[in-house]
Amino acid sequence: MTKIAVFASGRGSNFQVVYQRTKDGYLPAEIALLICDNPQAGASAFAAAHDIPCAVIRPKDFPTPEMFGEELLEALSAQQIEFIVLAGYLKKIPGNVVQRYANRIVNIHPALLPAFGGKGMYGMRVHEAVFRSGAKISGLTVHLVNDEYDTGPIVLQKAVAIDDCNSPEEIARKVLEYEHQALPEAIKLLLETSYAVEGNRVILGKR
Ligand code: GRF
């Protein structure tokens with residue numbers, strides 16, 4: 001069983017799905033910690049109701065990203081966390097955490113990177129930009145986390161046809177359904193398969 005931590009800032013539907021997939025045996029993992037930057041997050045209410053330890057750690061309470069990172073690392077090592085899942089987490093992961101968990105942090109982004117990503121491109125902003133662009137296909141990307149927003153090595157992508165969507169909200173709803181399948185799938189892949197990172201590519205089956 002791999003001990004994983006989920007980081008979430010909001011509603012937490014991806015967190016809930018990952019939790020369910022650990023419970024039904026699909027994922028060989030246990031969620032041993034939820035980290036939130038927002039005590040109001042729906043994710044933290046779910047954690048409380050399911051006896052998942054939850055730490056609220058807010059970057060604004062620390063003078064530097066490094067000190068924020070030290071606090072995160074302490075919480076992670078107290079639970080012997082081996083793998084991290086960012087599920088709707090809006091804050092930047094400090095460099096010391098990225099280094100300690102190199103290639104063991106995944107993020108889900110609700111569009112096909114490298115388009116529609118980067119700083120400030122999160123949540124509905126992504127779907128609004130996709131809608132405005134007139135694209136007929138959107139999708140999702142699960143990627144490893146590096147020091148920059150949304151640029152880490154891609155683990156898995158799914159394309160979602162959105163030519164039947166008439167608003168950013170419709171795109172968001174449709175993409176979210178696919179996210180709920182793809183995030184557990186990507187985590188399973190990384191926990192059960194050896195992989196290496198070459199340049200910005202994830203090479204499955206290689207150590
Ligand atoms: C998801 O669309 C995810 O891709 C993005 O933020 C949203 C979070 O939704 N990073 P939820 O909190 O998991 O319901």
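Remember, it's 1-based here, ligands and their atoms both numbered in the order they're listed.
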Gln157 side chain to Thr141 backbone, donor-acceptor under 3.5 Å: no
Heavy-atom check, side chain of Arg11 versus side chain of Leu176, under 4.5 Å: yes
Atoms in ligand 1 with a heavy atom of Gly88 nearer than 4.0 Å: 6 (O), 8 (C), 10 (N)
Which of the ligand 1 atoms, numbered from 1, are nearer than 4.0 Å to a heavy atom of Arg11: 9 (O), 11 (P), 12 (O), 14 (O)
Whether Phe15 and Phe46 hold their rings parallel, tilted or perpendicular, with breakpoints at 30° and 60°: perpendicular
Nearest-neighbour protein heavy atom for [atom], which is reported as residue plus atom name and distance:
atom                    : value
atom 10 (N) of ligand 1 : Ile108 O, 3.0 Å
atom 11 (P) of ligand 1 : Ser13 N, 3.4 Å
atom 1 (C) of ligand 1  : Glu179 OE1, 3.1 Å

Qualifying residue, where the test is side chain to side chain contact (heavy atoms under 4.5 Å, CB included) with Pro184 and the options are Gln20, Glu179, Arg21: Arg21
Derivation and outcome, side chain to side chain donor-acceptor pair (under 3.5 Å), residues Asn38 and Ser9: CA-CA 6 Å; Asn38 164 16; Ser9 297; over 6 Å; no
Asn14 N/O under 3.5 Å from ligand 1 N/O: yes
Gly12, Ala8, Gly10: member with heavy atom nearest to atom 12 (O) of ligand 1: Gly12
Test: Lys92 and Glu148 ion pair at under 4.0 Å: no
